[in-house]
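On a predicted model such as this, the values are computed, not experimentally measured, just so you know.
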Amino acid sequence: MLAEPADQLRLLDLAALDLQVNQLEHRRRTLPELETIKTLMAERAQLVEQQVAAQTRLSDAELDAKRVEDDLVPARERLERNQKRVDDGSVGDPKALRGLTEEIDHLGGRIRKLEDDQLDAMQVVEDLAAEVNDIDGRRKELEDRIRGLMAKRDSQFKDLDAELAERRTEREATVRLLPAPLVATYQRLSDRMGIGAAELKAKRCTGCQLEASLADLRRYAAAAPNEVLRCEECDRILVRTKESGLPE
């Protein structure tokens with residue numbers, strides 16, 4: 001392939017822009033905030049799962065407490081009615097009175113058992129409510145951290161995207177100045193190895209960083225100025241400059 005020396009030098013400008021674009025894209029993909037947000041979002045998902053489970057247990061405990069209360073109310077009312085009948089002497093039949101007092105004793109025992117159950121249920125409700133509130137507090141604190149990190153991420157995205165847009169605009173302008181066959185070859189090589197052209201500087205390819213052999217250097221020096229060279233090691237387009245260190 002042939003290309004004017006000026007176009008080959010301009011290809012190095014394109015390669016430099018592509019390197020900047022690649023670096024900016026890499027920075028965008030690997031912002032520390034991205035991994036931290038991912039980790040915190042996983043923690044948040046776990047907290048939400050814990051909160052749902054705790055809230056379910058709390059709802060069940062509240063239902064248990066209500067069932068105990070629903071059993072207590074009629075038992076207390078019946079005890080009060082029976083005790084009133086005993087106290088006012090309205091039950092004259094000894095057998096009926098004995099049955100009533102036995103029922104009062106039975107109700108008293110049942111009420112004491114229900115009251116103990118109620119205390120236990122209320123303690124469970126209190127403990128679970130505290131657990132739900134604790135998880136909710138930790139979730140909100142975590143969400144505040146996530147929002148802060150997202151704001152920082154978005155700010156950096158904005159700056160990086162603006163810089164990327166500038167570099168890409170410069171790249172488009174540079175490409176328009178280059179012959180299409182040279183750009184096509186460069187792009188094909190770039191697709192394979194990241195950057196498709198490198199400067200030959202101080203006898204070394206700046207792409208693979210390997211020093212050219214003496215035989216290759218002589219061949220590079222003997223090549224016509226408009227001949228497009230390729231690095232023997234990495235196959236990139238190799239652009240000669242005043243700093244290439246070629247033999248006379």
Same cluster or not: are Leu189 and Leu9 linked, directly or through other Ile, Leu, Val, Met, Phe, Trp or Tyr residues, by side-chain heavy atoms under 4.5 angstrom apart?
-> yes
Least distance between heavy atoms, Lys201 atom then Thr206 atom = CB-CG2, 3.9 Å
Taking all non-hydrogen atoms of both residues, which atom of Leu107 and which atom of Ala75 are closest, and how far apart?
-> CD2-O, 4.3 Å
Would a hydrophobic clustering, with Ile, Leu, Val, Met, Phe, Trp and Tyr connected at side-chain separations under 4.5 Å, put Met193 with Val183?
-> yes
Mind running side chain to side chain contact (heavy atoms under 4.5 Å, CB included) on Gln118 and Leu114 for me, showing each step along the way?
-> CA-CA 6 Å; Gln118 184 181 46; Leu114 287 171; over 6 Å; no
Is there a side chain to side chain contact (heavy atoms under 4.5 Å, CB included) between Thr241 and Leu12 once you walk through the steps?
-> CA-CA 10 Å; Thr241 69; Leu12 291 180; 4.1 Å; yes
Salt-bridge criterion met for Glu25 and Arg168 (N-O under 4.0 Å) | yes
Single-linkage hydrophobic cluster, 4.5 Å side-chain cutoff, Val228 and Leu178 together | yes
Heavy-atom distance under 4.5 Å between the side chains of Leu214 and Arg218, does that happen here?
-> yes
Going by an N to O cut-off under 4.0 Å, is there a salt bridge joining Asp116 and Arg112?
-> no
State the CD1-CD distance between Ile237 and Glu199, to the nearest 0.5 angstrom.
-> 14.5 Å
Check the pair Leu119, Glu115 against side chain to side chain contact (heavy atoms under 4.5 Å, CB included), reporting the backbone distance first and the verdict last.
-> CA-CA 6 Å; Leu119 288 174; Glu115 287 174 341; 5.8 Å; no
Between Arg139 and Glu143, is there a salt bridge with N-O shorter than 4.0 Å?
-> yes
Measure across Ile195 and Ser190 and return the closest heavy-atom pair with its distance rounded to 0.1 Å.
-> C-OG, 3.7 Å
Side-chain heavy-atom pair Glu232, Tyr220 within 4.5 angstrom cut-off = yes
State whether the number of non-hydrogen atoms from other residues, nucleotides or ligands found under 6.0 Å of Arg230 atom CZ is greater than 12.
-> yes
Are any of the side-chain nitrogens in Asp144 or Arg147 under 4.0 Å away from the carboxylate oxygens of its partner?
-> yes
Spatial distance of atom CZ (Arg85) from atom CZ (Arg81) [nearest 0.5 Å] | 9.5 Å
Value rounded to 0.5 Å, distance of CZ in Arg57 from CG in Asp127 = 11.0 Å
After noting the C-alpha distance and the side-chain angles of Cys234 and Leu210, does the key distance pass the side chain to side chain contact (heavy atoms under 4.5 Å, CB included) rule?
-> CA-CA 9 Å; Cys234 68; Leu210 294 177; over 6 Å; no
Gln50 side chain near Glu131 side chain, heavy-atom distance below 4.5 Å | no
Check whether any side-chain heavy atom of Arg98 sits under 4.5 Å from a side-chain heavy atom of Lys95, and report yes or no.
-> yes
Could you tell me whether a side-chain N or O of Ser155 sits under 3.5 Å from a main-chain N or O of Ala151, the two making a donor and an acceptor?
-> no
Taken to the nearest 0.5 Å, the spacing of Gln187 CD from Leu182 CG works out to 11.5 Å
Please assess Glu69 against Lys66 for the test salt bridge (charged side-chain N to carboxylate O under 4.0 Å, His left out), listing each intermediate value before the final yes or no.
-> CA-CA 5 Å; Glu69 177 65 23; Lys66 186 177 185 304; over 6 Å; no
Is Asp154 salt-bridged to Lys158, cutoff N-O under 4.0 Å?
-> no
Any donor-acceptor pair under 3.5 Å linking the side chain of Asn133 with the backbone of Ala129?
-> yes
Between the side chain of Arg240 and the main-chain N/O of Leu246, is any donor-acceptor distance below 3.5 Å?
-> no
For the hydrophobic clusters of this structure (ILVMFWY residues joined by side-chain heavy atoms under 4.5 Å, transitively), does one cluster hold both Met150 and Leu31?
-> no
Return the minimal non-hydrogen interatomic distance between Asp7 and Leu177, and the atom names on each side.
-> OD1-O, 3.8 Å
Under-4.0 Å salt bridge between Arg138 and Glu141 = no
Find the distance between CD (Glu43) and CD1 (Ile146) and round it off to the nearest 0.5 Å.
-> 8.0 Å
Would you say Leu2 and Leu200 are hydrophobically clustered, going by side-chain heavy atoms of ILVMFWY under 4.5 Å?
-> no
Hey, are Lys203 and Glu211 close enough for a salt bridge, meaning a charged N less than 4.0 Å from a carboxylate O?
-> no
What pair of heavy atoms forms the shortest contact from Val125 to Ala65, and how long is it?
-> CG2-CB, 4.3 Å
Taking side chain as C-beta onward, heavy atoms only, is Val68 less than 4.5 Å from Asp71?
-> no
Return the minimal non-hydrogen interatomic distance between Thr185 and Met1, and the atom names on each side.
-> OG1-CE, 2.8 Å
What distance separates Lys38 NZ from Leu149 CG, expressed to the nearest 0.5 Å?
-> 15.5 Å
